[in-house]
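What follows is one structure encoded as structure tokens, with my remarks underneath.
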Amino acid sequence: QVQLVESGGGLVQPGGSLRLSCAASGFALDYYAIGWFRQAPGKEREGVSCISVSDGGTYYADSVKGRFTISRDNAKNTVYLQMNSLKPEDTAVYYCATDRYPLTPCRLSPRPEEYYWGQGTQVTVSS
């Protein structure tokens, strides 16, 4: 059974940092593309960052480039999102999600039914 559990969210001041973790179980993370997505109140879910298996490439939304870094630890079956220089507009529920099929390129705009999703972790950036 595939399970994704996010952690590391919280309240942080503008300019601060957080590191989100997504612990995967039920499958070997090193064969699957995985990404981070977020949804702010009243807005559609958007892709933040993802990491591919085939070439190890990482991809970022323009709004987070240079501030966020995605990484994976295959030995721990965990993916991380290091978020620096946080802004109030980064406030959202952050989800990790993985493709249902192995060895596919990562996507920042998958159809929801094509991915497995975690339950999300709240990130609030406020002074």
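Nothing fancy with the numbering, it's 1 onward along the sequence. Given the structure is predicted, the values throughout are model-derived calculations rather than measurements. Heavy-atom basis, side chains included; hydrogens, waters and symmetry copies ignored.
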Arg67/Asp90 under side-chain contact (heavy atoms from CB on, under 4.5 Å): CA gap, chis, key distance, verdict: CA-CA 11 Å; Arg67 300 188 298 123; Asp90 294 318; 2.7 Å; yes
Lys/Arg N to Asp/Glu carboxylate O, Lys65 vs Asp62, below 4.0 Å: yes
N/O donor-acceptor pair under 3.5 Å between Ser49 side chain and Tyr59 backbone: yes
Shortest non-hydrogen separation from Met83 to Val123 and the atoms involved: CE-CG2, 3.9 Å
Lys76/Ser21 under side-chain contact (heavy atoms from CB on, under 4.5 Å): CA gap, chis, key distance, verdict: CA-CA 11 Å; Lys76 295 183 177 180; Ser21 300; over 6 Å; no
Under 3.5 Å donor-acceptor, Glu6 side chain and Cys96 backbone: yes
Heavy-atom donor-acceptor pair, Arg107 side chain to Gly47 backbone, under 3.5 Å: no
Atom of Thr91, atom of Val125 and distance for their closest heavy-atom approach: OG1-N, 2.9 Å
Side-chain heavy atoms of Tyr115 within contact of Phe37, under 4.5 Å: yes
Polar side-chain atom of Trp117 near backbone of Tyr95 as donor-acceptor pair, under 3.5 Å: no
Derivation of the side-chain contact (heavy atoms from CB on, under 4.5 Å) call for Leu108 and Glu46: CA-CA 7 Å; Leu108 290 179; Glu46 64 171 339; over 6 Å; no
Considering all heavy atoms, the nearest Trp36-Ile70 contact: CD1-CD1, 3.7 Å
Side chain Tyr101, main chain Glu114, donor-acceptor under 3.5 Å: no
CD (Gln1) with more than 12 external heavy atoms under 6.0 Å: no
Minimum heavy-atom distance Ser85-Ser17, with the two atoms named: N-OG, 4.3 Å
Any donor-acceptor pair under 3.5 Å from Ser52 side chain to Cys106 backbone: yes
Parallel, tilted or perpendicular: rings of Tyr32 and Phe27 (30°, 60°): perpendicular
Residue pair Val53, Asp30: steps toward the side-chain contact (heavy atoms from CB on, under 4.5 Å) verdict: CA-CA 7 Å; Val53 174; Asp30 44 349; over 6 Å; no
Polar side-chain atom of Asn77 near backbone of Leu29 as donor-acceptor pair, under 3.5 Å: yes
Straight-line distance of Thr121 OG1 to Leu81 CG, nearest 0.5 Å: 11.0 Å
Check: Ala33 main-chain N/O paired with Thr98 side-chain donor or acceptor under 3.5 Å: yes
